[in-house]
> 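So that we are looking at the same thing, I have put the structure below in structure tokens.
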Protein chains: 2
Amino acid sequence: MVETKDPKTNEVYALLKDKIVSLQYMPGQILIVQHLSEKYGFSRTPVREALVRLRDEGLLEDADGRKFRVKPITWKLISDIYDARKAIEMLAAQTVAETVSVSQLQEMRTIVDEMQKNYDNHNFNQYFQSDLNFHNKLIELSGNEVLKNWMDRINDQQQRIRYLTTNLHSRIEQSMPEHYHIVEKLEQRDGKGAMEMVSQHLTLARADILSQRENGSFFGIQD
Amino acid sequence: MVETKDPKTNEVYALLKDKIVSLQYMPGQILIVQHLSEKYGFSRTPVREALVRLRDEGLLEDADGRKFRVKPITWKLISDIYDARKAIEMLAAQTVAETVSVSQLQEMRTIVDEMQKNYDNHNFNQYFQSDLNFHNKLIELSGNEVLKNWMDRINDQQQRIRYLTTNLHSRIEQSMPEHYHIVEKLEQRDGKGAMEMVSQHLTLARADILSQRENGSFFGIQD
DNA sequence: CAATAAAAAAATGTATGCAAATTTAAATTT
DNA sequence: AAATTTAAATTTGCATACATTTTTTTATTG
């Protein structure tokens with residue numbers, strides 16, 4: 001399928017978004033339309049439009065004058081994101097438990113099994129990816145379009161956070177089985193239970209990340 | 001404070017957004033950049049950028065070819081929105097109950113009193129506005145920036161829904177005291193209770209709106 | 001007539017020019 | 001030198017031109 005709508009804008013958008021979430025553009029950095037257009041060989045119009053989109057999506061913010069700045073990551077933002085995630089994933093888990101089909105349950109189980117495989121092989125980047133798949137699939141299976149959009153927004157920030165923080169393997173050790181517990185509750189069609197499991201999982205994950213605030217300073221995280 | 005960043009784009013954006021949420025542009029309608037730019041006297045560039053923003057915010061969607069369409073309102077969307085709202089407002093209520101200051105409680109009470117006044121005077125448009133204020137304030141007091149952004153998005157759709165559906169005064173009669181109950185739980189710093197009250201309130205509001213689906217067809221709502 | 005093809009018209013996406021705003025550098029004053 | 005003013009350079013937002021794509025209209029075929 002060929003992209004026919006705003007092909008250039010979409011290309012710069014994807015390019016810049018990738019650089020931002022992978023921290024090649026660091027939080028706080030100022031992005032200049034003219035520089036970007038020269039650097040990447042697009043005219044200023046699509047670059048400008050891409051930056052506006054990225055700002056509206058929360059990856060950039062307005063700086064003094066007319067500039068765009070890569071949005072800083074603060075401990076407060078991380079905390080807010082985890083709280084918000086918990087709220088929507090709890091809802092999703094309950095909904096899914098009450099409506100999920102057998103083949104959909106199989107999809108979930110395939111993903112956790114993949115997580116387990118990646119964990120066993122110590123492929124922690126792959127593990128992170130399948131962890132993301134797990135949570136996205138949960139939202140997707142809820143069928144709630146609004147949650148889906150919100151989750152997409154959050155995932156971009158989540159990826160930046162992921163790069164900025166350390167991944168304690170000890171936490172993954174705890175975290176891995178938690179995902180199995182969630183799937184089990186879904187399989188039992190236990191809405192309340194699934195909700196509770198998701199709540200626990202994300203409460204722990206949140207506490208783990210925030211605890212890193214004490215263990216020294218992290219380059220790129222403010223407060 | 002003068003708007004210095006993208007003044008034209010912001011102006012068209014605000015203009016078009018107002019027309020969309022007030023249903024002067026109906027769900028399903030196709031918006032043509034060239035027409036709008038001639039009609040309102042802007043060049044195509046700011047109009048185009050405004051449309052892209054509105055699409056990213058969910059008030060427009062991509063149509064065949066390169067067109068923009070005012071996003072249809074479906075019963076499914078209404079249902080999704082209420083579910084999503086419930087999830088984030090429950091979280092907000094709990095947070096607020098646990099952290100709220102005396103002066104903030106006063107702010108909440110001022111708003112419900114205003115609601116009551118509007119209700120007593122049968123100013124139902126004003127009532128709707130203060131109802132909106134109530135829920136926005138709850139989110140605002142939670143201090144969660146992510147929830148705040150999400151709520152802003154939802155409110156635009158909510159306003160369109162409001163215009164498309166009937167407001168049963170009988171429901172307002174029930175609804176009014178529910179807001180007082182929420183404030184009371186906040187005043188008692190009862191997080192769990194506040195959450196429960198919000199849940200009940202929104203569950204009922206959701207059911208009320210969706211029940212209208214049976215009572216005949218509503219122009220502009222699909223499914 | 002309906003269906004298809006061809007031609008004309010309209011609308012879009014992007015590049016670019018330009019005036020206005022902003023930033024940086026230089027000059028001037030304390 | 002530090003602070004202030006002035007001047008130069010840079011960058012932006014918007015209007016517009018133009019090539020390309022999409023849509024509408026007209027012509028042609030079965």
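Small disclaimer: the values here were computed from a predicted structure and weren't measured. Throughout, protein chains are lettered first and strands after them, A, B, ... in sequence-line order, and every chain is numbered starting at 1.
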> Identify whether the distance between the nearest side-chain nitrogen and carboxylate oxygen of B/Lys148 and B/Asp152 falls below 4.0 Å.
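So B/Lys148 pairs with B/Asp152 through a salt bridge.
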> Counting only heavy atoms not in A/Lys117 (residues, nucleotides, ligands), do more than 12 fall under 6.0 Å from its NZ?
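No - once you tally the heavy atoms of other residues, nucleotides and ligands closer than 6.0 Å, there are 12 at most.
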> Roughly, in whole Å, what's the span from OH in B/Tyr13 to P in D/dC14?
15 Å
> I'd like to know if A/Glu145 and B/Lys71 make a salt bridge, using a cut-off of under 4.0 Å between side-chain N and carboxylate O.
yes
> Roughly how many Å is it from CG in B/Asp64 to P in D/dT21, rounded to a whole number?
18 Å
> On DNA chain C, check which nucleotide each of A/Lys67 and B/Gln34 is closest to and give me the residue with the more 5' one.
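Result of the comparison: B/Gln34.
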> In whole angstrom, what separates A/Arg69's CZ from C/dT23's P?
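For the pair A/Arg69 CZ and C/dT23 P, the rounded distance is 12 Å.
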> Between atom NE2 in B/His35 and atom C1' in D/dT22, what is the gap in whole Å?
13 Å
> Nearest whole angstrom, please: distance from the P of D/dT11 to the CG of A/Leu31.
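Rounded to whole Å, this separation is 13 Å.
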> Rounded to whole Å, please give me the gap between CZ in A/Arg55 and C1' in D/dG13.
13 Å
> So that I can tick it off, tell me whether A/Asp62 and A/Arg69 are bridged by a salt bridge, with the cut-off set at under 4.0 angstrom between side-chain N and carboxylate O.
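Here A/Arg69 does not pair with A/Asp62 in a salt bridge, since their nearest N and O are not under 4.0 Å apart.
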> Could you state the CG-P distance from B/Leu36 to C/dA11, rounded to the nearest angstrom?
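Taking CG of B/Leu36 and P of C/dA11, I get 11 Å after rounding.
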> Going 5' to 3' through nucleotides 13-18 of chain C, assign each nucleotide B (protein heavy atom under 4.0 Å from a base atom), S (under 4.0 Å only from sugar-phosphate atoms) or - (no protein heavy atom that close).
BBBBBB
> Test your reading of the model: is there a side-chain donor-acceptor pair from A/Asn10 to the backbone of A/Lys5, 3.5 Å cut-off?
yes
> Roughly how many Å is it from NZ in B/Lys39 to P in C/dA10, rounded to a whole number?
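Computing the B/Lys39:NZ to C/dA10:P distance gives 19 Å.
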> Can a salt bridge be assigned to the pair B/Lys137 and B/Glu140 using a cut-off of 4.0 Å between side-chain N and carboxylate O?
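Looking at B/Lys137 and B/Glu140, the cut-off is met.
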